[in-house]
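Residue numbers start from 1 in every chain, and the chains themselves are labelled A, B, ... in the order their sequence lines are given, proteins ahead of strands. We use all heavy atoms of the structure for the numbers below, so side chains are in, but hydrogens, waters and symmetry mates are not. What you see is a predicted model, and the numbers here were worked out from it, not measured in a lab.
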Amino acid sequence: MTLEEFDVEHQERSGGHGGDTGEKIVIFFGRERFTVTQERMTGAELRRLFNVPADDNLFKAEGPKVEGDPIKDTDVVDLEEGMHFLSVPKDIRGGAAGVQLHPRQQEEVDELAERYGDVELVPEGADNLLILSVPAPTWTVNPLQSLVRIPSQYPDQRPDTIFIAADAKPADGRPIPRLMTPAQPVQLAGRRWNQISWHFSGNYSPSRHNLVDFVNSVQIYLSSVNP
Amino acid sequence: MTTALTILESAHAIARAAFESTDDETAAIALATRQSGGGRLGLFIDRFELVPSDGYRERSPGNFSLEPRYVAEAALRAAAAGRTLVVAHTHPGALHPSGFSPVDDRMNRALMPSLLRTLEPPVGAVVYAHGNWRGSLWSEGGREQPIDVVRIAGRRLVLQPRRDRADDRAAFERQIRAFGSATQSVLAALRVGIIGLGGTGSIGAAWLARLGVKDFVLVDADRIEVSNLSRVEGSTPADAREGMLKVVVAERTIRAIRPDADVVALARDARECDVLQALTSCDVLLACTDSHSSRAALNQLPFQYGIPLIDVATLLRGSEGAVTGAFADVRLVHPGGACLRCQRAIDAETAAFEAMGNDERAVHRRFGYGPDVNQPDPSVLPLNGLGVSLAVLRLFDLVEPWLTWPDRITLEARNLQLVEQDVRPQGDCDICGPDVAPLRGDSYPLICRRPVTA
């Protein structure tokens, strides 16, 4: 592939927010060179152009520094010749403790992984946070990242309340039902979440209730928002 | 392709002190240089940068989380410096795993491909736990390769192999009694480059194979002649008749002792660029060349690639039965020490003459200039053996310190006097001087010769 073909390919992928002058602007994502004809692009357009993973922060680079905050999808970036961008994951988390689950917890997490695809486990204090994507056709983000805290002593401690990605809202514009954090989303696992008042109904019993039921019930909550 | 991470001794010591001073997990980054010659993919670290407090989101005895901005700026700094990035962290607990945990694996799976879009491969991640380093390198396409060997480069050579190749301990039982089982594991993991397979190098190759070394890079362009049969280990009259290459004879000797050895035999000039590149994959070098220009070429490797070099030279002075002097000279060259030039092992005039073509050399000689580099020096097997003995003892000392020798020792055999020579880097030396950055790896060109085809 020649450099020209490479540029054209990237350009075709770009779409564009506007300000198309027909003039070519060369920008860089890491080591890769892109030619665009738009003077302005949104963060979402840049993400698509550069093929940035959803779990990465997109930054504009200025020499050996990053400039400003991570570029949001809705931000509009005025492009200039030679501008550099890069991305790194939003959550850069390592550690020896890792996530060690009790066999019952592991079994239930495996069952959830089978149903919802990749699930993410992030240790937080003594608990583990379970993050997974749940279908949400009546929300602005579908599927919707949801988080459930697995208490360290589950099943003796019950799972309680759910968290949904802070950028998601009912598609019909109505307020988020049962929202517990109206003022400020909470930060967990390096991401922002809205906490939802959602609980096991009736008396919780470790022998009759489990994590799978609780996570499945998240779909009931999400579908309570009708278009 | 094997993989290696080389850490400068001072960087290791500073990091270790910081890592072991807290129960919390500690993270550090290093802007690393690269090495890709000789079938080995390597990274070199001359200093770690501990992540500052505002570079963490969270930090506890079992977990850490880094600010994306900090990591992004570290990647940008590495790219600007023409280097790559190694992300290091500790597992400080006694029961913590020595390698990556599942959380580390997930972090690496997301982070390394992102870094590779900004940085030339490889990028790396390492864990420091229980006094050892373990980790992986990631190549283009995000392919993870566990690091086969971690080297701590300095006055001693600490080698932390991923796999123990010392599978026949009974054969080495006597030396293990003295030097220990760990030393035997290191010997079995060492890749030793031997330059010059004549009167000293051939003995060194055979002895190291007997001691348990299994991985050799041999360099010598010369062929066996009748006059070599009195000194070259393993050579036969048939080799002299057939003009067998010295590296082929040495390889045959090694394989007779250690059939499972890995041997790369290069019948080439050590001064040539691709030969030097192949030697950058070694863990230690045994320089048995009598050529000053070859020494000058090899002299760069301890400082640029962190490879300790043991130079062996013998000198027999005499004429027609009157021996006037016999010396075995062994020099250790290591990062932080004095180079061969500062140890007065390289004569610039002789090196220049060696580099000349025969015609040019003849012209110079006709006008009375220069040493007669084609005139062979006197040599005798037992004196060579003395030199090799000192050199191999020195190699043991690199792995498991037990000697009190200075970096250069000379044995004056006639009066059996050991002369200890104090050597130190000259302030203005562009190889080992204080202003020279260590472990520059492939980021700095080697002074070498293009291969010349006949």
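The number of heavy-atom neighbours closer than 6.0 Å to CG of A/D110, taken from other residues, nucleotides and ligands shown, is above 12. Annotation: A/Q157, atom CD; neighbour count of heavy atoms from other residues, nucleotides and ligands within 6.0 Å is above 12. More than 12 heavy atoms of other residues, nucleotides or ligands sit less than 6.0 Å from atom CZ of A/R104. Within 6.0 Å of CD on A/E114 lie no more than 12 heavy atoms contributed by other residues, nucleotides or ligands. More than 12 heavy-atom neighbours from other residues, nucleotides or ligands sit within 6.0 angstrom of CD on B/E20.
Here the closest non-hydrogen pair linking B/S114 and A/D56 is OG-OD2, 2.5 Å. Annotation for B/D104 and A/G95: closest pair OD1-N, 2.7 Å, computed over non-hydrogen atoms.
For A/K65, the parts lying near chain B are the backbone and the side chain together; criterion is any non-hydrogen pair under 4.5 Å. For B/E120, the parts lying near chain A are the backbone and the side chain together; criterion is any non-hydrogen pair under 4.5 Å. Both the backbone and the side chain of B/R69 come within contact range of chain A, each with at least one heavy atom under 4.5 Å from a heavy atom of that chain. Heavy-atom distances place both the backbone and the side chain of A/F29 under 4.5 Å from chain B.
Looking at A/R93 and B/V103, their side chains come closer than 4.5 Å, going by heavy atoms from C-beta outward. Using a 4.5 Å heavy-atom cutoff, the side chains of B/P68 and A/P70 are not in contact.
Remark: B/R163 pairs with no residue by the salt bridge (charged side-chain N to carboxylate O under 4.0 Å, His left out) rule, at least two apart or across chains.
Heavy-atom pairs under 4.5 Å with chain B were tallied for A/D55, A/L86, A/V52; the largest tally goes to A/L86. With respect to chain A, the highest number of heavy-atom pairs below 4.5 Å among B/A110, B/A80, B/A72 belongs to B/A72. No other option in B/V71, B/L119, B/L115, B/V127 has as many heavy-atom pairs under 4.5 Å with chain A as B/L119. Between chain A and the residues B/R57, B/E67, B/R77, the largest count of heavy-atom pairs under 4.5 Å involves B/R57.
Sorted by first and then second residue, the pairs that involve residues 27-47 of chain B and meet ring-ring contact (aromatic ring centres under 6.0 Å, His included), not counting sequence neighbours, are B/F44-B/Y305.
With hydrogens and angles disregarded, no donor-acceptor distance shorter than 3.5 Å links the side chain of B/R106 to the backbone of A/G94.
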Do B/S65 and A/I92 pass the side-chain contact (heavy atoms from CB on, under 4.5 Å) test, and can you show the C-alpha distance, the side-chain angles, and the key distance before you say yes or no?
-> CA-CA 5 Å; B/S65 170; A/I92 304 171; 5.7 Å; no
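Taking CZ of B/R117 as the reference point, atom CD of A/E32 lies at 4.0 Å (rounded to 0.5 Å).
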